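So the structure is just underneath, and the comments pick up after that.
All figures in this text were calculated on a predicted structure; none of them were measured in a lab.
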Amino acid sequence: MLASSLFFVGCQDALQDVTVQTQTAASDAKKKIETYQAVNIDLLRVEVSQADEENGNWTSLTDVSPGMRNLLQTGNASTPLFTSSQFQAGTLKQARLVLGPNSTILLSDGRLLALDTPSGQTSGLKVKVNAPVLGNQAQSVLVTIDPNWQVVARGNGTYGLKPVLQGTIATGNPSGGG
């Protein structure tokens with residue numbers, strides 16, 4: 001009986017440890033919110049797939065201007081990730097953003113650091129869209145990110161971006177994002 005009582009007390013202590021760790025992790029996550037002022041990608045070109053992934057048919061969008069894009073500001077029609085009139089009518093499955101070496105992250109304390117974009121310079125950063133598009137009409141791809149989930153702060157002080165983002169389509173010709 002004494003052994004079972006000690007076992008029960010030991011289990012309670014273990015449960016309290018788990019609860020404390022969970023609460024600490026939740027507190028740490030809340031502290032991370034608003035720690036990023038900008039998540040900049042160095043966009044070189046955009047390729048889109050309007051077919052099944054297995055087919056591997058990628059088309060370059062030549063009307064998209066290269067340059068820096070702040071992913072914290074690409075979620076609305078006035079500042080899209082990019083706008084193009086070169087979509088074929090049908091479904092846009094995904095976009096591949098081929099990136100240059102100058103992607104950065106601006107922290108709330110003003111530090112500007114390199115942003116590692118795994119495969120971004122080779123096979124591209126993927127934007128899953130899976131939405132209908134109209135042919136030969138200006139349409140924008142919008143991306144809204146949660147930097148606290150999609151930016152990975154590594155223990156060695158470097159930062160990385162998860163390789164797949166989610167996008168949506170907006171029809172029309174907004175002022176930015178070309």
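- Defined by atom type and a distance below 3.5 Å, a donor-acceptor pair is present between the side-chain atoms of Asp63 and Ser84.
- Atoms OH and CG, on Tyr36 and Asn70 in that order, are 13.5 Å from each other to the nearest 0.5 Å.
- Using a 4.5 Å cut-off between side-chain heavy atoms of Ile, Leu, Val, Met, Phe, Trp and Tyr, with links allowed through other members, Val48 and Val133 fall into the same hydrophobic cluster.
- Across every non-hydrogen atom of Gly157 and Leu113, the tightest pair is O-CD1, 4.3 Å.
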message = Is there a side chain to side chain contact (heavy atoms under 4.5 Å, CB included) between Val141 and Leu92? Walk through the geometry before answering.
response = CA-CA 10 Å; Val141 173; Leu92 174 60; 4.1 Å; yes
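- Distance check: Thr35 OG1 to Asn148 CG gives 5.5 Å after rounding to the nearest 0.5 Å.
- In this structure, the side chains of Gln86 and Thr62 come closer than 4.5 Å at one or more pairs of heavy atoms.
- Contact detail for Asp116 and Arg154: the closest heavy-atom pair is OD2-NH2, 3.0 Å.
- How far CD of Gln150 is from CG of Leu161: 7.0 Å, rounded to the nearest 0.5 Å.
- No continuous path of ILVMFWY side-chain contacts below 4.5 Å connects Val98 to Trp58, so the two sit in separate hydrophobic clusters.
- A chain of hydrophobic side-chain contacts below 4.5 Å, direct or via other Ile, Leu, Val, Met, Phe, Trp or Tyr residues, connects Leu71 to Leu107.
- In this structure, a donor-acceptor pair under 3.5 Å is absent between the side chains of Asn136 and Ser85.
- Taken together through direct or relayed side-chain contacts under 4.5 Å among Ile, Leu, Val, Met, Phe, Trp and Tyr, Leu81 and Val151 form part of one hydrophobic cluster.
- The shortest non-hydrogen separation linking Arg69 to Phe82 is NH2-CB, 4.4 Å.
- Atom CG in Leu165 sits 4.5 Å away from atom CG in Leu125 (nearest 0.5 Å).
- Contact of the Thr104 side chain with the Ile41 side chain is not registered, since no non-hydrogen atoms from C-beta on lie closer than 4.5 Å.
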inquiry  = Please evaluate residues Lys128 and Val164 with respect to the criterion side chain to side chain contact (heavy atoms under 4.5 Å, CB included), reporting the C-alpha separation (whole Å), side-chain torsions for both, the decisive distance (0.1 Å), and the verdict.
reply    = CA-CA 7 Å; Lys128 299 281 188 178; Val164 179; 3.7 Å; yes
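- Linking Ile, Leu, Val, Met, Phe, Trp and Tyr residues whenever their side-chain heavy atoms come within less than 4.5 Å places Val39 and Leu97 in a single cluster.
- Between Thr144 and Gly75, the shortest heavy-atom contact is OG1-CA, 3.3 Å.
- Of all non-hydrogen atoms in Leu44 and Pro66, the two that sit nearest each other are O-CB, 3.5 Å.
- Between Ile169 and Leu142 the shortest side-chain heavy-atom distance does not fall below 4.5 Å.
- By the side-chain hydrogen bond (donor to acceptor under 3.5 Å, both in side chains) test, Glu47 is found to be paired with Arg45, Arg96, residues two or more places apart in sequence or in another chain being considered.
- Lys126 places a side-chain N or O within donor-acceptor distance of the main-chain N or O of Gly124, the cut-off being under 3.5 Å.
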task = Could you walk me through whether Val129 and Thr168 pass the side chain to side chain contact (heavy atoms under 4.5 Å, CB included) test, one step at a time?
result = CA-CA 6 Å; Val129 181; Thr168 58; 6.0 Å; no
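- For the pair Val64 and Leu43, the minimum side-chain heavy-atom distance is below 4.5 Å.
- By the 4.5 Å side-chain criterion applied to Ile, Leu, Val, Met, Phe, Trp and Tyr, Leu112 is assigned to a cluster that also includes Leu106.
- The distance from atom CG of Leu115 to atom OH of Tyr159, rounded to the nearest 0.5 Å, is 10.5 Å.
- If you check the side chains of Gln50 and Thr59, you find no donor sitting under 3.5 Å from an acceptor.
- A donor-acceptor contact shorter than 3.5 Å is absent between the side chain of Thr91 and the backbone of Ala131.
- Judged by distance alone, the side chain of Gln139 and the main-chain N or O of Leu134 form a donor-acceptor pair under 3.5 Å.
- Between Lys162 and Trp149, some side-chain heavy-atom pair lies under the 4.5 Å cut-off.
- Between atom CG of residue Leu99 and atom OG1 of residue Thr117 there is a gap of 4.5 Å, rounded to the nearest 0.5 Å.
- For the pair Asp42 and Ser103, the tightest heavy-atom approach, listed with the atom from each and the gap, is N-OG, 3.0 Å.
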